[in-house]
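Each chain gets a letter, A, B and so on, in the order the sequences are listed, and its residues count up from 1.
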Amino acid sequence: MGKLRTEEFQVNMGPQHPSTHGVCRLLLTMDGEKVVDVVPHVGYLHRSIEKICENRTYAMCIPVLDRFEYVTAMSCNYVFALAAEKLAEMEVPERAEYLRVIMLELNRIASHLIFYGTTAMDVGALTPFLYGLRERELIVDLFEMTCGQRLTYNYIRVGGVSRDIPKEFVPKCREAVKIIGEKLSDYEGILNENPIWIARMKGIGLTDPQKAIAWGVSGPVLRAAGVKHDLRKDDPYSIYNKFDFDVAIRWNGDCYDRYLVRLDEIRQSLKIITQALDGLPEGDVRAKVKAKFKPPAGEVYVRIENSRGEMGVHLVSDGSTKPLRVKTRGGSFNQLQYLPEIVRGKGYLIADLVAIFATFDIILPEVDR
Amino acid sequence: MPLVLMSLELIEIFRWAYGLLAELGLPPVWVMLISYGVIGVLMFGVLALLALFLVWWERKVAGHVQQRFGPMRNGWHGWYQTIADAIKLLQKEDVDIIARDKFVFFWAPVLCFVAAFLAYICIPFGKDLIVADLNIGILYIMAVTTFTVIALLMAGWGSNNKYALFGGMRSAAQAISYEVPMVASILTVIIYAGSLSMVDIVQSQNSFFGWFICRMPFGPIAFVTYIIAATAEANRAPFDIPEAEQELVAGFNIEYSGMKFAMFFLAEFINLFTVSAIAVTLFLGGWEGPWLPSWLWFLLKTLGIVFLLMMFRWTYPRLRVDQLMEFAWKFLVPVTFANLILAATMKYLGWYW
Amino acid sequence: MSEYLSVLIFIAVGTGIVLFTFLIARLIRPRNPYPEKGVAYECAEEPIGDSWIKFNPHFYIFALIFVIFDVEVVFLFPWAVAFGQLGLFALVEMVIFILILFFGLYYAWKRGVLKWV
Amino acid sequence: MTRDELKAYIESNFVGRMTLLESGKVEPMYEIKADDLIEVATKLRDDLELKFDFLCNMGGVDTRERLEVIYNIASTSKLHRLDFKVILGYDSPAVESICPVWPGANWYEREMYELYGIDILNHNDLRPLLLPEDWDQGHPMRKDWDAPDFVRMPEL
Amino acid sequence: MGLIKKVPVYTENIPGGALVATSLEQVLNFGRAKSLWYLLFGTACCAIELMCTGASRYDFDRLGMIYRATPRQADLILTAGTITKKMAPRLRKLYDQMAEPRYVIAMGGCTINGGPFYYDSYSVEKGIDHIIPVDIYIPGCPPRPESLMEGCIHLQEVIRKQKLSDWQEK
C-alpha cells in the first residue's frame with residue numbers, strides 16, 4: 001500500500017489521567033492510534049522541597065523529605081540521615097543499622113507491591129491492584145506499629161532511628177514475610193503466564209543499556225536491560241555487605257522484564273529481611289546527637305538503591321544548624337526524561353505507552369520535588 | 001408457590017387482554033398497537049429492574065473477587081445501591097458541551113438504548129413467553145444489536161473530544177470485526193435447527209444431549225467462539241477497549257453525564273444480558289429443563305453466562321486494540337468458518353446425535 | 001406480518017421512554033451552564049485543536065473486509081436454514097464459496113492490511 | 001579504583017584542569033573552569049581507566065557568595081565516583097550544556113536555568129520545567145529571592 | 001428548568017403539600033448521598049491513602065463510592081495531595097467541568113492550608129478554598145483511610161440535610 005498522509009494531532013494525557021500515576025502531563029502527537037512523539041510536562045507537583053529544607057534544621061528536614069518520595073519514605077529519611085552522618089563523620093549503633101535495613105527493605109517491597117497493582121491496572125487487569133495493596137497493608141501495619149504513621153514515617157533520623165521497635169514487631173514481621181512470600185507465587189500465577197499479559201508486555205518499550213546509562217536511568221529499569229548495577233552491591237552502604245542476596249537481573253529490557261525484575265526483587269528483599277531479623281543485635285538505636293546538630297562545613301553526595309533507582313542527596317553544609325543546599329535526586333526524574341527516547345518513532349500505540357509508563361514506575365513527586 | 005410461578009405465563013394474559021380489546025370493537029390494528037405498547041412498557045420495566053440487579057451484582061462480584069464486600073451500607077448487602085445511583089443520575093446536570101454536535105450528541109444515547117431494547121422482541125424468556133416469534137428471529141437480533149455500534153460512533157463523534165473519538169472508532173472496528181465470527185458460530189447452530197426462529201431453535205434441542213453445546217465436536221467450539229465474540233460485542237473486558245479507563249479515560253461516554261450517561265450504562269448491561277440470553281437460547285437449550293418453570297430455567301442459565309462474563313472482566317488484563325483486531329481476523333474468523341464447514345459436513349454425513 | 005408491527009411499536013416505545021426519562025431529569029436537575037463548564041474535557045488541559053480530524057484510512061479497509069464477509073454471511077443464512085433439504089451439492093458449493101473468500105482474506109493478510117494502524 | 005588511586009590518577013592526568021577542593025567529605029571534589037568543562041567532562045567519560053559514564057546528579061548551589069554548579073558522576077563499570085563543580089559569579093552566570101557528554105543532564109539543566117537563573121549555553125530546549133508557564137517572579141532558589149506571598153518560617 | 005426549586009413554593013398552599021415536598025426532597029437527597037462517585041484525582045501522598053481506602057481492607061465501595069475517571073460523571077472531588085500553583089488552574093478546570101450537584105472534600109493538610117509546605121514554599125497553593133468551594137475538610141498528613149471514610153460519611157449527612165429551595169443554581 002502506498003503511503004497515505006494522515007493528519008497528526010496532539011492529545012493531552014494528564015495531568016488528571018488514570019494512568020499517569022499522579023500529575024504528569026504527556027503531550028502526545030498521534031497519527032491515528034500511533035504515538036509519534038511524546039513530550040512530558042512536569043512540575044504540577046513541584047512543592048519546593050529543596051527550598052524548604054534550606055530553611056530547616058537538619059532534624060526538621062527529615063519530615064519534609066518524607067514527602068519527596070512518599071511511596072518509599074523510609075529511603076528518603078535514610079538517604080538524608082546518611083548524608084548528614086557522613087558530613088559529621090558519625091558512627092551509628094549496629095542495632096540501628098539493622099533496623100534501618102529492615103525498614104528500607106520492607107518499604108521496597110511495599111513500593112513494588114504498589115507497582116504490581118498499578119501496572120496490572122494500567123494494563124487492564126483490575127483485580128491484582130487490590131491484591132497488591134492488600135499485602136501492602138501488612139507492611140504498613142508494621143510501620144504503624146514502629147513509628148505511628150502509615151505513609152510518612154520520619155523514622156530514620158540522623159544518628160540512628162527515632163525509637164526502638166516494639167517487641168511484637170519481630171514475630172509480626174516474620175509472619176508478614178511468610179505471607180508475602182506465599183502470595184508472591186499467587187501474583188506470578190495470576191499474571192506471568194497469562195497470554196494477554198505476555199502479549200501486552202513482551203517486546204514493548206525496549207531499552208538500550210548503553211543509552212539508558214547515558215541518560216542516567218538506574219534501578220530496576222536498568223537491571224531489566226541486562227546491566228547488573230545495584231548500589232547495594234556496587235557501592236555498599238549501611239550493612240548490606242553482611243547479607244547474602246542476589247541482584248535481580250533480566251536481559252531483554254522490555255516491559256515484561258521490568259515487571260519480572262521487580263517481582264524478583266521482592267523475593268530478594270524478603271531474604272534480606274529474614275537475615276536481618278535473625279541477626280538483629282541488642283543495644284542502642286540512636287547515637288548521641290547534640291540538640292543543635294551542626295555538621296562541619298563541607299559537602300557530600302550519597303546515593304542509595306531505592307525501588308525506583310538511584311536516590312541521592314547532595315548535601316552542602318556551611319557549619320550552621322541548617323543545610324546550605326539539599327539537592328535531591330530521584331530515579332524517576334531520569335527515567336521520565338528517557339521515556340520519549342524509547343517511544344519516539346517506534347510506532348507504539350497509546351496502550352503500549354501506558355504499559356511503558358507503568359513499568360518505568362514513575363512517580364511524580366520524585367520528578368517534581 | 002411453584003404452582004403459582006408455573007401458571008405465570010405472559011402469553012395467557014396477553015391473549016386475555018387481546019380478546020377483551022377485540023370485544024370492545026376496536027379495529028384490529030389499534031388492538032395490536034395498544035397491546036404491543038403495553039408489552040413494550042412492561043418489557044422496559046423488566047429490563048430496568050434487570051439492569052439494576054446486574055449492576056449491583058457486578059459490583060458484588062467485583063468486590064468478592066477482589067476480597068472486599070462491594071456495596072454494604074444501603075440495605076442488605078447494599079441491595080438498593082443501584083436505586084440510589086439511578087436517582088442520583090436522574091438529578092445530575094446535563095452539561096452543555098460547547099463544541100459538540102448537538103443533534104448527534106443528543107440522539108446517540110437514545111439510539112444506543114433503543115438498539116439494545118429492540119432485541120427483546122424475540123428473546124424467548126420461557127415456553128410461550130416471547131413478545132413476537134419472528135421467523136427470522138436470530139437474524140433480526142443480530143441486525144438490531146449492531147445499531148449499538150452506530151450509537152457509540154455517534155457518541156464518539158458528537159462529543160468532539162479526541163478520547164471519545166478514539167473510543168467510538170475503536171468500538172466500531174471491534175464490533176464489525178467480531179460480528180463475522182459471531183454470526184459464523186451462530187450459523188453452525190442454524191444448520192442443525194433448520195430455522196431462524198428462536199422458538200424453533202430452542203425446540204430443536206429438547207433434551208440435555210440435544211443442546212447444541214453437547215454436539216461433538218463442533219458444538220463446544222462454536223459455543224466458545226460465540227462467547228468470545230459476544231464478550232467483544234458487548235464491549236466487556238478483556239475487550240473493553242472503547243472505554244478503556246487507563247487509556248481513554250472513559251472512552252466514548254467521556255462527555256456524557258446524568259441521564260444520557262445512564263442510558264449508555266443501561267444499554268451496556270442490557271446488551272450483556274442479551275448476548276447471554278442468545279448464548280443460552282442457541283447452545284444451552286433455552287428454557288428447556290426439568291422440574292422448574294421454564295422462565296426460571298432460562299433466567300438461571302442466562303445469569304450463569306452473565307456471571308461467566310463478569311468473571312472474565314475481573315480477571316483478565318485488557319487486550320491492545322491491534323491484538324484485538326488480529327485475534328478476530330486471524331484466529332476467530334478462520335476457526336469459526338472451518339467449524340461451520342465441519343458442522344455442515346457432519347450434518348450431511350449424518351454423524352451427529 | 002403483524003408480528004413485525006411489534007418492531008415499530010417497540011422502537012416508538014423505547015424512544016418514548018428514553019425521552020420521557022430525559023424530560024423528568026430535565027425537570028428535576030439543576031442547570032448552571034457557564035463557558036468554562038462546556039469546554040471539552042481533555043485531562044484538565046485546554047484541548048489542542050479540533051478533534052474532528054482526518055482519521056487513518058486503514059480503518060476503512062477493515063470496514064471493506066467486513067462488508068465482504070457480511071454479504072457472505074447474508075448468503076449463508078438461507079443456505080444454513082435450508083441445508084437439511086439441499087444435500088451434497090449445497091455443501092460443496094458453499095465450501096467453495098467460503099474458500100474463495102478465504103483466499104481473499106489470506107491475500108489481505110499477506111498484504112498486511114489486517115494490521116490495525 | 002579506590003578513592004586515593006582516583007585522586008592520584010586525576011592529579012597526574014588532568015594537570016591544572018581539575019583542582020582538588022577541601023570541601024568534599026567522602027568523594028573527592030574538584031573544581032573545573034567553566035570554559036574547560038566540556039573537554040574535561042568528555043575526557044572523564046571516555047578515559048578507559050575512569051569511564052565515568054553515569055551522571056548521578058547535578059544542580060546549582062547558592063552559597064550567598066557565589067553560584068556553583070555541582071556535578072556528581074559515577075562509573076557503572078568501574079564502580080567509583082567523583083564530584084566536580086563549576087564556580088560562577090552572580091552577574092550573568094552561564095555554563096556550557098553537558099548534554100553532549102551525558103544526555104541525562106538535559107532536565108537538570110532546564111531546572112537549574114529556571115530555579116537559579118544560570119544560563120545554559122547551547123542547550124536545545126530551555127522551556128520552564130517545574131514552575132508554572134506564566135511564572136514571572138524570578139529565580140526562587142536564589143537565597144535572596146523573595147515574593148509577596150512567600151512566608152518565611154519564624155525562627156524557633 | 002429549575003422547576004424542582006419551586007416545588008416547595010407551589011405545594012405549600014395545598015393540604016399535605018409540604019409532606020410531598022419533603023419526601024421528594026428526601027428521596028432526591030438519598031440518591032445524591034448514597035451514590036457519591038468520586039473523581040479519580042490524586043496528586044501526592046494522599047493519593048496513596050485514597051488508593052488504600054478503595055482497596056480490600058477499607059473498601060470505599062461499601063459506601064457506594066466508586067471512581068470515575070471523567071469529571072462529567074463524578075459527584076465529588078477528593079483533592080488527594082498538594083495543589084501547587086501550577087496545578088491550581090487545572091483543579092479549577094476539573095471542578096468547572098463537573099456536572100452539578102458537585103462536592104469537594106479537601107483531603108489532607110496540604111489542601112487545607114498548605115500543610116507542611118506552608119512556610120518557605122514558593123510554589124504551593126496555600127489552601128484549595130482559594131480556588132474551589134470546599135464542603136468537608138479532612139486534616140492529616142495524610143489522613144488515615146478511616147478518617148477519610150468518616151469525612152465521606154459526614155458529607156453524606158450534609159447532603160441529606162439539603163433543601164430543595166437552595167438547589168444550586170445561579
Side-chain angles (χ1 to χ4, degrees), chain B residues 55-56 58-75 77-98 100 159 161 163-164 167 243-262 264-265, chain E residues 1-5 7 24-37 39-41 52-76 94 96-103 145 149 152-153 156 159-160 162 164 167-170:
Chain B
V55 175
W56 171 80
E58 166 106 51
R59 282 169 77 170
K60 292 308 275 189
V61 168
H64 285 275
V65 167
Q66 297 169 344
Q67 301 220 334
R68 52 190 182 89
F69 284 107
M72 284 300 280
R73 300 278 295 229
N74 300 328
H77 281 256
W79 69 269
Y80 56 76
Q81 178 60 53
T82 37
I83 299 174
D85 287 340
I87 297 173
K88 196 276 306 275
L89 283 170
L90 197 64
Q91 52 182 318
K92 199 83 178 128
E93 188 193 3
D94 180 34
V95 183
D96 292 325
I97 291 107
I98 295 162
R100 79 201 150 154
S159 304
N161 181 308
Y163 285 112
E243 44 188 324
E245 221 137 50
Q246 277 70 29
E247 294 155 30
L248 302 185
V249 189
F252 59 86
N253 61 33
I254 190 167
E255 297 284 13
Y256 283 90
S257 65
M259 225 37 219
K260 286 181 183 152
F261 166 66
F264 283 117
F265 209 58
Chain E
M1 298 291 271
L3 189 67
I4 194 73
K5 198 176 163 184
V7 165
L24 184 66
E25 195 174 271
Q26 273 183 1
V27 168
L28 295 183
N29 283 343
F30 157 79
R32 288 174 170 198
K34 292 295 181 182
S35 151
L36 285 169
W37 294 357
L39 182 67
L40 198 61
F41 177 72
C52 288
T53 317
S56 309
R57 186 186 282 191
Y58 299 101
D59 189 10
F60 241 158
D61 202 8
R62 277 192 295 164
L63 306 180
M65 300 179 67
I66 51 173
Y67 70 80
R68 299 301 310 177
T70 157
R72 307 284 186 203
Q73 293 150 17
D75 310 298
L76 169 67
L94 278 176
D96 279 340
Q97 285 175 338
M98 279 166 79
E100 273 168 62
R102 52 194 176 183
Y103 307 96
M149 290 182 103
C152 294
I153 292 168
Q156 289 184 347
I159 295 170
R160 296 295 283 266
Q162 281 182 335
L164 281 185
W167 210 261
Q168 274 179 26
E169 192 160 11
K170 280 152 217 154

For E:Ile159, which atoms come within 4.5 Å of any heavy atom of chain B: side chain, backbone, both, or neither?
neither

Name the member of B:Glu255, B:His77, B:Lys92 that forms the most heavy-atom pairs with chain E at distances under 4.5 Å.
B:Lys92

For the student: nearest non-hydrogen atoms of B:Tyr256 and E:Arg72, plus distance
O-CB, 3.8 Å

How close do E:Thr70 and B:Ile254 get, counting heavy atoms only, and between which atoms?
OG1-O, 2.9 Å

Using non-hydrogen atoms and a 4.5 Å limit, figure out which bit of B:Leu89 sits close to chain E: side chain, backbone, both or neither.
side chain

When you measure from the side chain of B:Gln81 to the backbone N and O of E:Arg62, does any donor-acceptor pair fall under 3.5 Å?
no

Given E:Asp59, which partner from the list B:Lys60, B:Arg59, B:Arg68 fulfils the salt bridge (Lys or Arg N to Asp or Glu O under 4.0 Å) test?
B:Arg68

Heavy-atom pairs under 4.5 Å with chain B, option from E:Tyr58, E:Phe60, E:Trp37 with the top count:
E:Trp37

Sidechain-backbone polar pair: E:Ser56 side chain, B:Gln66 backbone, donor-acceptor under 3.5 Å:
yes

Which answer fits E:Ala33, side chain, backbone, both or neither, if we ask what part of it has an atom under 4.5 Å from a heavy atom of chain B?
neither

Any donor-acceptor pair under 3.5 Å linking the side chain of E:Lys34 with the backbone of B:Ala84?
no

Residue of the set B:Asp85, B:Asn74, B:Thr82, B:Ile83 for which side-chain contact (heavy atoms from CB on, under 4.5 Å) holds with E:Ser35:
B:Asp85

Please classify the contact of B:Phe69 with chain E as side chain, backbone, both or neither, using a heavy-atom distance under 4.5 Å.
both

Distance check, rounded to the nearest 0.5 Å: B:Ser257 atom OG versus E:Arg102 atom CZ?
11.5 Å

Got a second to check how far B:Leu90's CG is from E:Arg32's CZ, nearest 0.5 Å?
11.5 Å

So which part of E:Arg57 gets closer than 4.5 Å to some heavy atom of chain B, the side chain, the backbone, both or neither?
neither

Find the distance between CD (E:Gln156) and CZ (B:Arg73) and round it off to the nearest 0.5 Å.
7.0 Å

May I ask you to decide if E:Pro101's main-chain N or O and B:Glu93's side chain share a donor-acceptor pair within less than 3.5 Å?
no

Indicate the ring-plane relationship of B:Tyr80 and E:Phe30, choosing parallel, tilted or perpendicular according to the 30° and 60° boundaries.
tilted

Look only at the side chain of E:Gln73 and the backbone of B:Asn253, and say whether a donor-acceptor pair between them is shorter than 3.5 Å.
yes

Where B:Ile87 and E:Val27 come nearest, the two heavy atoms and their spacing:
CG2-O, 3.7 Å

